[in-house]
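These notes are about the structure you will find just below.
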Amino acid sequence: ANQIFGYNSLTANTGNYNIAIGTETLMAQTSGERNTAVGYQAGRSNVTGDYNTFMGFSAGRGATDQSNFNNTGIGYEALYSITTANSNFGLGYQSLRALTSGGSNTGIGGQAAYSVTTGVENTALGQTALFYNQTGNYNVAIGRAAMFGVSGNSHENNTAVGYKSSFGITTGHTNATLGYAAAMDLTTGHSNVAIGGNAAQNMTSGYENVAIGRDAMVNNTITGNNNV
């Protein structure tokens with residue numbers, strides 16, 4: 001049995017154990033089961049997908065005639081653009097908003113992982129963390145605006161912890177930064193380590209550099225390699 005409360009909610013479904021609360025929630029669903037949608041147009045376009053939870057105005061609204069599975073989107077427009085993505089978790093205003101087919105991503109915080117489309121296994125915790133990454137995979141960004149990025153660029157295998165840590169990253173990869181504004185200006189550099197407040201703050205395109213301690217290498221515009 002299904003629980004339905006709202007205009008045009010779950011109108012064509014033959015599946016069971018669904019809960020639809022709000023106008024046009026789960027409206028396109030035909031045979032999906034065990035989905036929960038609460039809020040205007042929440043889960044609106046999912047057709048046959050199962051085990052989704054969408055709560056909030058247009059959370060998990062999705063694209064026409066698409067199906068997705070095992071996703072959770074909580075918050076205004078969380079997972080708004082979803083098509084065939086599976087096993088994602090978005091909590092917060094517009095978290096994972098642009099996600100289409102990427103899988104196993106986590107975005108917690110307002111606009112966390114906002115631009116991820118097809119990327120997989122990214123984790124963003126904090127307001128606007130990992131904001132601009134689109135197709136990059138395996139990034140971990142913890143802290144407000146950590147790994148914020150630049151529009152139109154994607155990056156992979158990076159870890160940034162702290163407010164604006166790796167803030168300006170574009171295509172850099174395999175970097176580890178920890179601390180307030182650590183490697184804040186990093187763009188294309190790779191395989192760097194910066195630990196401490198403002199550590200390697202001005203590093204841009206170098207690789208295999210190590211800066212440990214508060215303000216370590218902070219006044220150097222680092223483009224070179226193998227600095228310690």
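Positions are given from 1, in the same order as the sequence printed here. The shown structure was predicted, so the numbers you read here are calculated from the model rather than taken from an experiment. Heavy-atom basis, side chains included; hydrogens, waters and symmetry copies ignored.
Cluster annotation: Ile19 and Tyr17 are assigned to distinct hydrophobic clusters (Ile/Leu/Val/Met/Phe/Trp/Tyr, side-chain heavy-atom contacts under 4.5 Å, transitive). With hydrophobic clusters built from ILVMFWY side chains whose heavy atoms lie under 4.5 angstrom apart, Ile4 shares a cluster with Leu26. In the hydrophobic clustering of this structure, Met184 does not group with Met217; members are Ile, Leu, Val, Met, Phe, Trp, Tyr whose side-chain heavy atoms approach within less than 4.5 Å, directly or through other members. When hydrophobic clusters are built by joining Ile, Leu, Val, Met, Phe, Trp and Tyr residues whose side-chain heavy atoms come closer than 4.5 Å, directly or via intermediates, Tyr80 is not grouped with Tyr40. In the hydrophobic cluster analysis, where Ile, Leu, Val, Met, Phe, Trp and Tyr join through side-chain heavy atoms closer than 4.5 angstrom, Ile21 is grouped apart from Tyr7.
A donor-acceptor pair is defined here as one N or O able to donate and one able to accept, closer than 3.5 Å; no such pair exists between the side chain of Asn35 and the backbone of Asn18. Within the 3.5 Å criterion, the main-chain N or O of Val150 finds no donor-acceptor partner in the side chain of Thr170. Distance alone, capped at 3.5 Å, places no donor-acceptor pair between the Thr188 side chain and the Thr171 backbone. A distance-only check finds a donor-acceptor pair linking the side chain of Asn2 to the backbone of Gly15 [under 3.5 Å]. Judged purely by atom type and a 3.5 angstrom limit, Thr25 uses its side chain to pair as donor or acceptor with the backbone of Gly22. Between the side chain of Gln111 and the backbone N or O of Tyr114 there is no donor-acceptor pair closer than 3.5 Å. Judged by distance alone, with hydrogens and angles left aside, the side-chain atoms of Ser81 form a donor-acceptor pair with the main-chain N or O of Arg97 at under 3.5 Å. A side-chain donor-acceptor contact under 3.5 Å links Ser95 to the backbone of Gly92. The main-chain N or O of Val218 is never found under 3.5 Å from a side-chain atom of Asn198 such that the two would form a donor-acceptor pair. Put simply, the side chain of Asp185 never gets that close to the backbone of Thr204: no donor and acceptor are under 3.5 Å apart.
Within the 4.5 Å cutoff, no side-chain heavy atoms of Asn68 are placed close to those of Thr84. Using a 4.5 Å heavy-atom threshold, the side chains of Asn133 and Asn139 count as touching. No side-chain heavy atom of His173 sits under 4.5 Å from any side-chain heavy atom of His155. Considering only heavy atoms from C-beta on, Met147 comes within 4.5 Å of Ile169 through its side chain. Side-chain contact between Asn209 and Val193 is absent, with no heavy atoms from C-beta onward closer than 4.5 Å. For the pair Ile212 and Val210, the minimum side-chain heavy-atom distance is below 4.5 Å. Taking the side chain as every heavy atom from C-beta outward, Tyr180 and Lys164 never approach each other to under 4.5 Å. Counting heavy atoms from C-beta on, the side chains of Leu130 and Asn122 come closer than 4.5 Å.
Side-chain rings of Tyr93 and Tyr76 approach one another, their centers coming within less than 6.0 Å.
Ring-plane geometry between Tyr132 and Phe148 is classed as perpendicular, the angle between the planes exceeding 60 degrees on a 0 to 90 degree scale with a lower cut at 30.
The heavy-atom pair separating Ala183 from Thr177 by the smallest distance is CB-CG2, 3.5 Å. Heavy atoms only, all atoms of each residue included: Ser154 and Gly136 are closest at CB-N, 3.6 Å. The two residues Ala194 and Ala182 have their closest heavy-atom pair at O-CB, 4.1 Å. When all heavy atoms of Asn88 and Leu79 are compared, the closest pair comes out as CB-CD2, 4.2 Å. The heavy-atom pair separating Ala160 from Ala146 by the smallest distance is O-CB, 4.1 Å. Of all heavy-atom pairs spanning Gly213 and Ala199, the tightest one is O-CB, 3.7 Å.
Rounded to the nearest 0.5 Å, atoms OG1 (Thr36) and OH (Tyr51) are 12.5 Å apart. To the nearest 0.5 angstrom, Asn70 atom CG is 13.5 Å from Phe89 atom CZ. Atom-to-atom distance recorded for Asn13:CG and Gln29:CD is 4.5 Å, nearest 0.5 angstrom. Taking OG of Ser67 as the start and CG of Asn46 as the end, the distance is 5.0 Å to the nearest 0.5 Å. Taken from CG in Leu96 to OG1 in Thr72, the straight-line distance is 11.0 Å, to the nearest 0.5 Å.
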Please set out all donor-acceptor pairs under 3.5 angstrom arising from side-chain atoms of residues 54-66, sequence neighbours excluded.
unit_1 : atom_1 : unit_2 : atom_2 : d
Arg61  : NE     : Gln41  : OE1    : 2.6

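Side-chain contact check for Asn175 and Asn158: at least one donor-acceptor pair (N or O, by modelled atom type) lies under 3.5 Å. A donor atom on one side chain and an acceptor atom on the other are not found under 3.5 Å apart for Thr135 and Thr118.
Of the residues Ile74, Thr123, Ile142, Leu125, the one that meets the side-chain contact (heavy atoms from CB on, under 4.5 Å) test with Ile108 is Leu125. Under the side-chain contact (heavy atoms from CB on, under 4.5 Å) test applied with Ser166, the options Thr187, Leu178, Leu186 reduce to a single match, Leu186.
Applying the salt bridge (charged side-chain N to carboxylate O under 4.0 Å, His left out) definition to pairs two or more places apart or across chains, none involves residues 113-138.
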Side chain to side chain contact (heavy atoms under 4.5 Å, CB included) between Met27 and Thr11, worked out = CA-CA 6 Å; Met27 187 177 77; Thr11 55; 4.3 Å; yes

Take Thr14 and Ser31 through the side chain to side chain contact (heavy atoms under 4.5 Å, CB included) test and state the conclusion after the steps.
-> CA-CA 5 Å; Thr14 59; Ser31 60; 3.9 Å; yes

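In this structure, Arg144 is not positioned above the aromatic face of Tyr163 in the sense of NZ or CZ being under 6.0 Å from the six-membered ring centre and within 45° of the axis.
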